[in-house]
Amino acid sequence: MTKAIQNVIDTTAFINGPDVKAFGTELEQHLGIPHVIPCANGTDALQIAMMALNLKPGDEVITANFTYVATAEVIALLGLKPVLVDVDPNTFCIDPVAIEKAITPNTKAIVPVHLFGQCADMEPIMEIANRHNLFVIEDTAQAIGANYTYANGKKMPAGGIGHVGTTSFFPSKNLGCYGDGGAIFTANEDLAKRIRMICNHGQSVQYVHDDIGVNSRLDSIQAAILRVKLKKLDAYSSARVAAANAYDAAFANHPKLVIPKRAANSTHVFHQYTLQLKDADRTALREFLATKEIPSMVYYPIPLHMQKAYTDPRYKEGDFPITEQLCKTVFSLPIHTEMEAEMQQYIINTVLEFLN
Ligand SMILES: *Cc1c(COP(=O)(O)O)cnc(C)c1O
């Protein structure tokens, strides 16, 4: 790794160096997605995707209420109208039935989020999108490397199913760099060209600007790091799944815990291992874990419609029962690629000690 970083320093190709192009190509090959366009972070990736699809102020974009704020943020930032819908109680991903109900004549796009590492139910989502002539932008920040299987057996990579996919290489993501990074995926060559142009100030030829763009680049040093780590992505995913399996085995039959359900049609790369707590005090559990030096997190404690920045007269408390319930009950335990059995057993024992 230090060699890859030193090489960028030695060649001083800090911006748009050969590693950026090579990483894009290697990720295309790894995922089997025709075009990968690196950019500065996962939030930019979402914004650029929406700009490239020519979404206009006032257009409605449907997304999951139970997600990281970035998804809804860029919709609002572009003057589009975020339309929030509830999620599936088992997979925590956007509910296709709720999507269909939220469609109006102004709806232009759907942004499913592959939350915690498994794919939203993309086959019905694509069917709805095709029927209503809508774009689909997959937020794949948490699920790079996951696969979705259609009813006919066809397998597709997360981020390669919709018109555009986006991801993040934030250090804690499954493929993380040593700073910020992101990428945009598409199978459409014209769209790929447009996305590259928007990432680079809307420039078609040097100093010729066809469109209003942004400045969003993946640093060469980050690309060099990602090239090294991409080779291990499958091993990283397997290590996460092994850790999840061990948690599942320990917690499956506990009356106060609901283990994360695995969708029948998606692999799970366990960006997070997220349980639901029943009839127990979540704050007290997390405090107890903290005293034993075990970090835990709540993704996400407040639904988007209850956030000050996203309050909207259309929505009130109680409108999204599943999201609201999950925000009150979920907690995530440590999961990463270097989880030693002994360390994990200590975490398991400590959780059980509190609950029993
Ligand atoms: C991390 C994340 C993002 C944003 O990625 P950044 O690189 O931090 O901008 C967007 N959506 C989801 C679901 C995420 O988890």
Side-chain angles (χ1 to χ4, degrees), residues 23 27 36-51 61-78 80 82 84-85 87-88 91-94 109-120 122 125 136-146 158-159 161-162 164-185 195 199 214-219 221-223 225-226 229 237 240 260 266 268-274 297-304 307 309-310 323 326-327 330 332 335-336:
F23 169 63
L27 191 55
V36 169
I37 302 105
C39 67
N41 58 68
T43 308
D44 273 10
L46 284 161
Q47 178 179 332
I48 292 159
M50 288 178 207
M51 290 170 76
V61 179
I62 297 174
T63 194
N65 194 334
F66 192 54
T67 181
Y68 182 56
V69 69
T71 323
E73 184 177 50
V74 297
I75 299 172
L77 197 64
L78 291 173
L80 312 169
L84 303 174
V85 300
V87 295
D88 180 290
T91 63
F92 311 149
C93 289
I94 196 164
I110 307 168
V111 186
V113 181
H114 302 319
L115 203 71
F116 300 153
Q118 69 185 341
C119 295
M122 290 304 293
I125 292 171
V136 174
I137 302 160
E138 299 172 69
D139 184 343
T140 316
Q142 301 188 3
I144 196 163
I161 305 168
V164 193
T166 66
T167 202
S168 163
F169 306 120
F170 185 81
S172 66
K173 306 284 170 162
N174 286 33
L175 181 61
C177 59
Y178 291 4
D180 274 310
I184 306 152
F185 308 144
I195 290 166
C199 286
V214 295
N215 172 20
S216 190
R217 297 184 282 238
L218 179 68
D219 284 352
I221 286 182
Q222 302 305 338
I225 291 161
L226 286 164
K229 292 186 78 177
S237 299
R240 285 174 178 274
S266 173
H268 202 321
V269 292
F270 283 99
H271 174 60
Q272 298 297 344
Y273 185 84
T274 302
M297 289 296 285
V298 171
Y299 304 106
Y300 296 93
I302 305 171
L304 289 176
Q307 298 278 4
Y310 297 92
T323 295
L326 291 173
C327 289
V330 290
S332 302
I335 191 158
H336 46 78

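Both counts, for ligands and for their atoms, begin at 1 and track the order of listing. Quick note: residue numbers are just sequence positions, from 1. Both backbone and side-chain heavy atoms feed into the values below; hydrogens, waters and symmetry mates do not.
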**Side-chain donor-acceptor contact under 3.5 Å, Ser216 with Asp44** =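 Looking only at side-chain atoms, Asp44 and Ser216 do form a donor-acceptor pair, the distance falling under 3.5 Å.
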**Message:** Checking Phe170 now: which residues fulfil side-chain contact (heavy atoms from CB on, under 4.5 Å) with it, not counting sequence neighbours?
**Reply:** Ser168, Ser172, Lys173, Asp180
**Item:** Nearest heavy atoms of Ile94 and Val111, plus distance in Å
**Value:** CD1-O, 4.4 Å
**Asked** Is a side-chain N or O of Asp88 found less than 3.5 angstrom from the main chain of Cys93, in a donor-acceptor match?
**Response**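 Here the side-chain-to-backbone pair does not exist.
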**Message:** According to side-chain contact (heavy atoms from CB on, under 4.5 Å), who are the partners of Ala146, at least two apart in sequence or on a separate chain?
**Reply:** Cys119, Ala143, Ala158, Thr267, Val269
For ligand 1, output the ligand-protein N/O contacts shorter than 3.5 angstrom; if there are none, return none.
residue  : atom   : partner : partner atom : Å
ligand 1 : 5 (O)  : Ser168  : OG           : 3.4
ligand 1 : 7 (O)  : Gly42   : N            : 2.7
ligand 1 : 7 (O)  : Ser168  : OG           : 2.7
ligand 1 : 9 (O)  : Asn41   : OD1          : 3.4
ligand 1 : 9 (O)  : Gly42   : N            : 3.3
ligand 1 : 9 (O)  : Thr43   : N            : 2.8
ligand 1 : 9 (O)  : Thr43   : OG1          : 2.5
ligand 1 : 11 (N) : Asp139  : OD1          : 3.4
ligand 1 : 11 (N) : Asp139  : OD2          : 2.7
ligand 1 : 15 (O) : Gln142  : NE2          : 2.8
ligand 1 : 15 (O) : Lys173  : NZ           : 2.6

**Prompt:** Can you name the side-chain contact (heavy atoms from CB on, under 4.5 Å) partners of Ala223, sequence neighbours left out?
**Reply:** Asp19, Val20, Phe23, Leu218
